[in-house]
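First comes the structure, then the notes that go with it.
For ligands, and for the atoms within them, numbers begin at 1 and follow the listed sequence. Computed from a prediction, not measured in an experiment: that's the story for all the values here.
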Amino acid sequence: MLFWKNAARLGLIRDTAGQERFNSITSAYYRGAKGIVLVYDITKQETFEDLPKWMKMIDKYASEDAELLLVGNKLDCESDRAISRQQAERFASRISGMRFCEASAKDNFNVDEIFLKLVDDILSKMPLEVPSKELSNSVLSLQPEPEIPPELPPPRMRCC
Ligand SMILES: Nc1nc2c(ncn2[C@@H]2O[C@H](COP(=O)(O)OP(=O)(O)OP(=O)(O)O)[C@@H](O)[C@H]2O)c(=O)[nH]1
């Protein structure tokens, strides 16, 4: 958890606010995102009904190749469940490339797995490119080290 908190602090992970009034800030968050996690609350119908609204934002602002993951949170509240797993699976299956899983932030269930899988999927899409500048630097560093002449003994102190 600490790792993800630090990643968020560094701006590698951003948490957008769910409220409408923050939509203008949120749109900026989508640009350049390599992966997007859409979280709804399995006990709250309205959070699931909001998903098409978030998908519209994603279609409008996010890159087409951003990884998409739908997460049903609060799995620890199974007795209050309002959205079935099947309903969410159906929603995700209609969106190209969208994965789905359920989690509990409270119990720390599937939290690491979600982010690790997302990072893995993002990295597997990235070409294994070494920027040419870095490459030339590494070639230079592979040159044999110049030979250092053996250290000369310090000049003897002359005494009177
Ligand atoms: N039982 C339970 N409660 C949770 C879980 N995750 C979050 N909560 C609670 O749900 C409430 C809302 O959590 P937030 O993290 O603020 O939700 P959010 O989606 O970021 O809300 P927005 O700021 O509107 O986007 C808080 O009271 C949390 O403590 C969970 O997995 N289980």
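Considering only non-hydrogen atoms, atom 1 (N) of ligand 1 lies nearest to Asp76 out of Asp76, Asp107, Asp80, Asn110. Nearest-heavy-atom check against atom 30 (C) of ligand 1 across Lys106, Lys44, Glu102 picks out Lys106.
In this pair, Phe48 and Tyr40 present their aromatic rings perpendicular. The plane angle is above 60°, beyond the 30 to 60° band.
Val71 meets the side chain to side chain contact (heavy atoms under 4.5 Å, CB included) test with Val37, Val39, Leu69, Cys101, Ala103, Ile114; sequence neighbours excluded.
Residue-to-ligand polar distances keep Cys77 apart from ligand 1: every N/O pair is separated by 3.5 Å or more.
For Asp80 (side chain) and Thr43 (main-chain N/O), no donor-acceptor pair under 3.5 Å exists by modelled atom type.
Heavy-atom proximity to Asn73, at under 4.0 Å, picks out these atoms of ligand 1: 5 (C), 6 (N), 7 (C), 30 (C), 31 (O). Close approach to Ser104 involves these atoms of ligand 1, each under 4.0 Å from a residue heavy atom: 31 (O).
Residues in residues 68-77 take part in these salt bridge (charged side-chain N to carboxylate O under 4.0 Å, His left out) pairs, two or more places apart or across chains: Asp41-Lys74.
Taking 4.5 Å as the limit, some side-chain heavy atom of Met98 sits within range of a side-chain heavy atom of Met55.
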